[in-house]
Amino acid sequence: MPVRSTDVEACLERRRPGRPKGGRVVADRAQLLAAAVRSITANGPLVTMEDIAAEAGVSKPILYRTVGDKAALVTALSEFLVDRIDVAVRGATISATDGRSGFEMAVRGYLGAVDTDRNIYLFVNAGDQSTEQLRRLVDRSAQQLLELFTAARVQAGLDRAAARTWAYAVIGAFQTVTTMWLGDEYCDLDTVAQNLTHLLWPGVAAAGDPD
């Protein structure tokens, strides 16, 4: 089951920024990231750094000094989102009985996590990331798929290099489909998951066959 948005604050924030007797706002990185999540979740992916600073109750210079610029914020929230997806996918696939059911459960877990944090997903994917940052995040996102593919196809001859290629291809498909689906919700989550599974799993299942 996807983690609720209200759980974000429990993960990122122990307390809100405080103001001690001297009058200077006390805020740490986790508190400011929690404020960013709240602001983006409530107001959409077009929020500004000014909006986030206002939500946190700090000045923009404090936000920049503690978290960094918008690109740094995108990177931090990308890591946060990948963590959320990782938890959701692992929880969804725990009862899988075979490769195909595990794959479809992974798709559902991925889509469910993104749907829960859709504004964070859109904010992250609209922001700038360096090539190295993007590569690291894709590697993390693909790790569970690598495990699924390797477990499903090792006896049929799919080597690890091929499994890695498939994992990256599937992550790319997930990202494109998810972005378009979030844009107009042309069908429900279950239908998207079934469609992706019908499209992708036959190729994965046949990847190790000699013909």
Side-chain angles (χ1 to χ4, degrees), residues 1-13 28-41 44-45 47 52 66-94 96 102-151 160 163-183 189 192-193 196-197 200 204:
M1 178 181 295
V3 183
R4 298 187 305 274
S5 293
T6 53
D7 294 332
V8 175
E9 295 180 33
C11 296
L12 292 177
E13 180 185 27
D28 61 26
R29 180 179 173 82
Q31 293 166 9
L32 296 182
L33 290 176
V37 169
R38 291 196 305 272
S39 182
I40 296 165
T41 299
V47 298
I52 293 169
T66 307
V67 174
D69 60 11
K70 186 174 182 180
L73 177 62
V74 166
T75 298
L77 293 183
S78 296
E79 297 281 1
F80 157 77
L81 189 60
V82 170
D83 286 342
R84 295 284 290 267
I85 292 171
D86 182 71
V87 170
V89 171
R90 290 190 184 280
T93 57
I94 196 168
F103 184 83
E104 184 165 356
M105 290 174 180
V107 174
R108 291 175 187 275
Y110 180 98
L111 291 172
V114 169
D115 188 36
T116 298
D117 290 308
R118 61 173 52 209
N119 284 341
I120 303 298
Y121 179 89
L122 294 171
F123 179 85
V124 162
N125 282 278
D128 295 328
Q129 292 177 328
S130 71
T131 301
E132 179 58 29
Q133 289 167 340
L134 180 60
R135 190 192 68 77
R136 186 178 69 252
L137 291 168
V138 170
D139 274 343
R140 286 195 59 202
S141 298
Q143 187 57 46
Q144 288 182 332
L145 291 174
L146 285 170
E147 294 171 7
L148 284 171
F149 295 166
T150 300
R160 292 186 180 278
R164 190 169 179 176
T165 299
W166 276 100
Y168 292 153
V170 170
I171 289 297
F174 280 8
Q175 290 178 327
T176 300
V177 171
T178 299
T179 299
M180 301 306 293
W181 176 61
L182 291 179
L189 188 152
V192 176
L196 276 171
T197 302
L200 299 172
V204 172

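- For the pair Thr176 (side chain) and Gly172 (backbone), a donor-acceptor distance under 3.5 Å is present.
- Residues Phe103 and Val170 form a side-chain contact, since some pair of their non-hydrogen atoms from C-beta on lies under 4.5 Å apart.
- Rounding to the nearest 0.5 Å gives a distance of 8.5 Å between CD1 of Ile120 and CZ of Arg84.
- Not a single donor-acceptor pair under 3.5 Å links the side chain of Asp115 to the backbone N or O of Leu111.
- Here the closest heavy-atom approach between residue Leu73 and residue Ala36 is recorded as CD1-CB, 3.9 Å.
- Side-chain atoms of Gln31 come within 3.5 Å of backbone atoms of Asp28 as a donor-acceptor pair (strictly under, hydrogens ignored).
- Taking CZ of Arg38 as the start and CG of Leu33 as the end, the distance is 11.0 Å to the nearest 0.5 Å.
- Thr93 and Ala106 make their closest contact through CG2-N, 3.5 Å (heavy atoms, listed as atom of the first residue, atom of the second, distance).
- Rounded to the nearest 0.5 angstrom, Lys70 NZ and Phe123 CZ are separated by 5.0 Å.
- A donor-acceptor contact shorter than 3.5 Å is absent between the side chain of Tyr121 and the backbone of Ala113.
- Separation of atoms OG1 (Thr178) and CG (Leu182) is listed at 6.5 Å; rounding is to 0.5 Å.
- Between Leu196 and Val107, the closest heavy-atom pair is CD1-CG1, 3.9 Å.
- Of all non-hydrogen atoms in Ala173 and Leu200, the two that sit nearest each other are CB-CD1, 4.3 Å.
- Separating the CG atom in Asp117 from the CD1 atom in Ile40 is a distance of 10.5 Å, to the nearest 0.5 Å.
- To the nearest 0.5 Å, the span separating CD1 on Ile85 from CZ on Phe80 amounts to 10.0 Å.
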